[in-house]
Amino acid sequence: MSNLINITKTDEGKEVVSAKELYLKLGYNKAHWSKWWKKNIQNNEFAVEFLDYEGFALSVNGNKTKDFALTIDFAKKLCMLARTKKGEEIRDYFIEREKLSYSPKTKTLQLAESLVLAMSVIEESKKENLLLQQKNELQEQELKKQAPKVKFFDEVLDSNSLVTTTSAAMNIGMSAICMNRTLKQENVIRRVDKHWVLCADYLNYGLGKVCKYPYTNSIGEQATSSQFKWSEKGCMFLHIFFNEGKRKARAFMKESAALAA
């Protein structure tokens, strides 16, 4: 007997068919699929959800569409409603399949198929366990490799010590004016109220902060001044920026933030 329509088994052993495949096999117009299932399945007063059918979503060529898993009995009823030669043919196909399922020969074949499937599942499970074990070993090796780097970030880069722009520039062999000019051109820092601050893309990465401190002005009044200072992480960022380039410095900035999270 030719395979007129695909019949699959659920995890509970129930045989089901695709409502959309049945619809197309019956020769209905593709454009009316949505209207058909709403009338004949979803709003069918003689059909019970999760007993006669169960809906699920499909993605076809990037577009989502609705389908239903139908029991064989419910599918036969829909074939009868079609009142067409194709509907009778598919209904007869379901009936013949049921007859075959009761024959001793078919039962033996089904048992053999079940055993093959069981062996296949066992082998697949062994493969998955092996892959999981290999993955865990690789993760453990990666953690060991990352441990010194993580310790470095924890102990040095995340420290609370801050240095002035002049000191940070001296560490990379530049003047503060020259360093600030380059960082401004590369949109790393900008001027706000006569002092430098980090640009938006570099905020919240712990590179530095604006510090405020009080002082007495020339006429004896108390005032407050602001100055940007670089953190240890910021100094490392500057070292990479001026020696290896902006791209690697940004990568370092994001990687250190991820490790600190």
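- Closest approach of Leu22 to Cys79, counting heavy atoms only: CD1-SG, 3.8 Å.
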Anything under 3.5 Å between a donor and an acceptor, one on a side chain of residues 179-190, the other on a protein residue two or more places apart or in another chain? List them.
residue: Asn180; atom: ND2; partner: Ala176; partner atom: O; Å: 3.4
residue: Thr182; atom: OG1; partner: Cys178; partner atom: O; Å: 3.1

Practice task
Show your reasoning for whether salt bridge (charged side-chain N to carboxylate O under 4.0 Å, His left out) applies to Glu88 and Arg83.
Solution key: CA-CA 7 Å; Glu88 285 295 320; Arg83 295 187 177 88; over 6 Å; no

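- When every heavy atom of Asn40 is checked against every heavy atom of Leu78, the shortest pair comes out as O-CD2, 3.9 Å.
- Side-chain atoms of Thr65 and Lys20, non-hydrogen and from C-beta on, do get closer than 4.5 Å to each other.
- Residues Val197 and Ile177 fall into different hydrophobic clusters, defined by Ile, Leu, Val, Met, Phe, Trp and Tyr side chains chained together at heavy-atom separations under 4.5 Å.
- Among residues two or more places apart in sequence or in another chain, the ring pair (Phe, Tyr, Trp, His ring centres under 6.0 Å) test is passed with Tyr205 by none.
- Residue pairs satisfying the salt bridge (charged side-chain N to carboxylate O under 4.0 Å, His left out) criterion with at least one member in residues 53-73, sequence neighbours excluded, are listed as follows: Asp73-Lys76.
- A search for salt bridge (charged side-chain N to carboxylate O under 4.0 Å, His left out) contacts involving Glu89 returns Lys86, not counting sequence neighbours.
- Here Ser226 pairs with nothing under the side-chain hydrogen bond (donor to acceptor under 3.5 Å, both in side chains) rule; sequence neighbours left out.
- With rounding to the nearest 0.5 angstrom, the CD atom of Glu21 is 9.0 Å from the CD1 atom of Ile90.
- Heavy-atom neighbours of Phe56 CZ from other residues, nucleotides or ligands within 6.0 Å: above the threshold of 12.
- Hydrophobic cluster membership for Val16: none, as no Ile, Leu, Val, Met, Phe, Trp or Tyr side chain comes under 4.5 Å of it.
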Exercise for the section: Go through Arg91 and Met80 one step at a time and tell me if the side chain to side chain contact (heavy atoms under 4.5 Å, CB included) criterion holds. Expected result: CA-CA 7 Å; Arg91 179 174 173 272; Met80 290 175 66; 3.3 Å; yes

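- Linking Ile, Leu, Val, Met, Phe, Trp and Tyr whenever their side-chain heavy atoms come within less than 4.5 Å leaves Met170 and Leu238 in two separate clusters.
- Across all their heavy atoms, Val17 and Phe94 have their closest contact at CG1-CE2, 4.0 Å.
- Between Lys233 and Gly206 the shortest heavy-atom distance is CB-O, 3.8 Å.
- A continuous path of hydrophobic side-chain contacts links Leu203 to Phe237 [ILVMFWY only; heavy atoms under 4.5 Å].
- Atom-to-atom distance recorded for Asn44:CG and Lys39:NZ is 10.0 Å, nearest 0.5 angstrom.
- A distance of 10.0 Å separates CG of Leu132 from CD of Glu137, quoted to the nearest 0.5 Å.
- For the atom pair Cys211 SG and Leu162 CG, the distance stands at 5.0 Å (nearest 0.5 Å).
- Screening residues 234-249 for side-chain hydrogen bond (donor to acceptor under 3.5 Å, both in side chains) gives His239-Asn243 as the qualifying pairs, with residues at least two apart or on separate chains.
- Sorted by first and then second residue, the ring-ring contact (aromatic ring centres under 6.0 Å, His included) pairs involving residues 4-24 (not counting sequence neighbours) are Tyr23-Tyr28, Tyr23-Trp33, Tyr23-Trp36.
- Not a single donor-acceptor pair under 3.5 Å links the side chain of Lys209 to the backbone N or O of Phe228.
- Annotation: side-chain hydrogen bond (donor to acceptor under 3.5 Å, both in side chains) contacts of Arg250 (sequence neighbours excluded): Tyr202.
- Hydrophobic side-chain contacts under 4.5 Å tie Leu51 into a cluster, directly or through other members, with Val48.
- The line from CD of Gln133 to CG of Asn129 is 8.5 Å long, rounded to the nearest 0.5 Å.
- With sequence neighbours left out, Thr164 forms a side-chain hydrogen bond (donor to acceptor under 3.5 Å, both in side chains) with Ser167.
- In terms of hydrophobic clustering, with Ile, Leu, Val, Met, Phe, Trp and Tyr side chains grouped at heavy-atom distances under 4.5 Å, Leu81 and Trp37 are assigned to a common cluster.
- With contacts defined as side-chain heavy-atom distances shorter than 4.5 Å, the pair His32/Asn29 qualifies.
- Counting heavy atoms from C-beta on, the side chains of Leu24 and Lys30 come closer than 4.5 Å.
- Contact annotation: the side chain of Thr165 approaches that of Trp230 to within less than 4.5 Å [non-hydrogen atoms, C-beta and beyond].
- At distances below 3.5 Å, not a single donor-acceptor pair connects side-chain atoms of Asp52 with backbone N or O atoms of Ala47.
- Hydrophobic clustering (ILVMFWY, side-chain heavy atoms < 4.5 Å, transitive): Val210 and Val163 are in one cluster.
- In this structure, CD in Glu255 is found 12.0 Å from CE in Met253, a value given to the nearest 0.5 Å.
- Take Tyr53 and apply the side-chain hydrogen bond (donor to acceptor under 3.5 Å, both in side chains) test, not counting sequence neighbours, and it matches no residue.
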